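In this text, all values refer to a predicted model and were calculated from it rather than measured experimentally. The first residue of the sequence shown is numbered 1, and numbering continues consecutively from there.
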Amino acid sequence: MEKRGTRYVIAFCVSVITGVLLQCLYEEMGGPVLSTLVPVNGSAWEQGKLCFWPYLAGALLIWRLGDGQDSRGGHCVLLLVMPLMMTLVCQMLHLTERWEIAAAWCAVLMAGMMLYAFVLRHHLWGGELLWYTLAILLGIAYLLLTVLPPQGALFTEPLHVPTLAIPV
């Protein structure tokens, strides 16, 4: 285990700042490209984007600041697990307030980084190619299901949920 976890703290901050900046860009400029990167409504599926796209910046930082023995596939596992956990948390707890969504986002992001630091950094099941492929497929699903969302409780915006997920 590492003596200091500063790279994880820095990566957490970078991920949060990236998410907030993407949301601010979307609010100012809009557009279909930015709408695929940030939540555009209060549905649980859209809230999962908070843990997918901003974590890419944090994962790159963790990997670059590492000692070269870290598992890149472990980051791909987190790219699968964290958005799905965020989606489940939003769906099961019926989060409606901005501060609730932001707190859940930070908690899921922090738990994911701790999972990487203690487990996924060295131990990876199934080989890296499998996890790379699954992470890419989830990214494609976010792109396609944002543009053409299907009908269902997971994809529809619940009543009284603000469209701005991150308080800015």
Side-chain angles (χ1 to χ4, degrees), residues 1-67 70-121 131 134-136 138-139 141-143 145-146 157-158 161-168:
M1 191 170 91
E2 296 179 356
K3 293 180 182 174
R4 289 180 281 158
T6 55
R7 69 181 173 145
Y8 299 107
V9 173
I10 294 170
F12 175 79
C13 293
V14 165
S15 296
V16 170
I17 290 170
T18 302
V20 170
L21 288 176
L22 284 172
Q23 187 70 44
C24 289
L25 277 174
Y26 175 72
E27 290 299 316
E28 285 297 315
M29 298 171 38
V33 174
L34 288 173
S35 69
T36 60
L37 302 177
V38 297
V40 293
N41 63 40
S43 72
W45 176 258
E46 289 286 324
Q47 300 308 320
K49 289 189 221 177
L50 288 171
C51 290
F52 189 83
W53 303 111
Y55 178 70
L56 289 173
L60 179 64
L61 189 66
I62 290 171
W63 181 70
R64 293 295 290 168
L65 293 177
D67 56 4
D70 290 355
S71 167
R72 287 178 285 175
H75 291 296
C76 292
V77 171
L78 284 185
L79 282 173
L80 291 168
V81 171
M82 288 192 312
L84 296 177
M85 287 305 299
M86 184 67 183
T87 301
L88 281 173
V89 165
C90 288
Q91 183 71 18
M92 297 301 201
L93 297 179
H94 305 290
L95 301 180
T96 58
E97 298 294 324
R98 292 180 181 156
W99 68 269
E100 293 174 333
I101 294 170
W105 174 47
C106 289
V108 169
L109 195 61
M110 195 177 307
M113 288 190 184
M114 287 175 39
L115 178 66
Y116 181 81
F118 293 115
V119 178
L120 297 175
R121 183 175 160 219
W131 299 110
L134 292 175
I136 290 170
L138 183 60
Y142 271 123
L143 294 174
L145 296 177
T146 296
E157 183 172 4
V161 175
T163 57
L164 178 63
I166 303 173
V168 289

Side-chain donor-acceptor contacts of residues 28-35 below 3.5 Å, not counting sequence neighbours, with atom names and distances?
residue, atom, partner, partner atom, Å
Ser35, OG, Gly31, O, 3.4
Ser35, OG, Pro32, O, 2.9

Nearest non-hydrogen partners of [X] and [Y], listed with the distance:
{"X": "Glu46", "Y": "Val38", "value": "OE1-O, 3.6 Å"}
{"X": "Val16", "Y": "Cys106", "value": "CG2-SG, 4.4 Å"}
{"X": "Met113", "Y": "Ser15", "value": "CE-OG, 3.6 Å"}
{"X": "Cys51", "Y": "Val108", "value": "SG-CG1, 3.7 Å"}
{"X": "Leu95", "Y": "Ala104", "value": "CD1-CB, 3.6 Å"}
{"X": "Lys49", "Y": "Thr36", "value": "CD-O, 3.4 Å"}

Mind checking the [atom1]-[atom2] spacing from [X] to [Y]? Nearest 0.5 Å is all I need.
{"X": "Ile136", "Y": "Leu80", "atom1": "CD1", "atom2": "CG", "result": "10.5 Å"}
{"X": "Met85", "Y": "Met92", "atom1": "CE", "atom2": "CE", "result": "9.5 Å"}
{"X": "Leu56", "Y": "Leu78", "atom1": "CG", "atom2": "CG", "result": "11.0 Å"}
{"X": "Leu50", "Y": "Leu37", "atom1": "CG", "atom2": "CG", "result": "11.5 Å"}
{"X": "Ile101", "Y": "Leu93", "atom1": "CD1", "atom2": "CG", "result": "11.0 Å"}

Inset, instruction - Determine yes or no for a side-chain-to-main-chain donor-acceptor pair under 3.5 angstrom, with Arg7 supplying the side chain and Ile62 the backbone. - result: yes
For a 4.5 angstrom cut-off between non-hydrogen side-chain atoms, does [X] reach [Y]?
{"X": "Val9", "Y": "Phe12", "answer": "no"}
{"X": "Leu138", "Y": "Leu79", "answer": "no"}
{"X": "Leu109", "Y": "Met86", "answer": "no"}
{"X": "Tyr8", "Y": "Leu65", "answer": "no"}
{"X": "Pro39", "Y": "Gln23", "answer": "yes"}

Legend entry - Pairs meeting criterion ring pair (Phe, Tyr, Trp, His ring centres under 6.0 Å) with involvement of residues 18-48, two or more places apart: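 Counting only pairs at least two positions apart or across chains, the ring pair (Phe, Tyr, Trp, His ring centres under 6.0 Å) contacts touching residues 18-48 are Trp45-Tyr142, Trp45-Phe155.
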Inset, instruction - Quickly, which of Trp63, Trp131, Tyr116 forms a side-chain hydrogen bond (donor to acceptor under 3.5 Å, both in side chains) with His75? Name it, please. - result: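 Only one option passes, and that is Tyr116.
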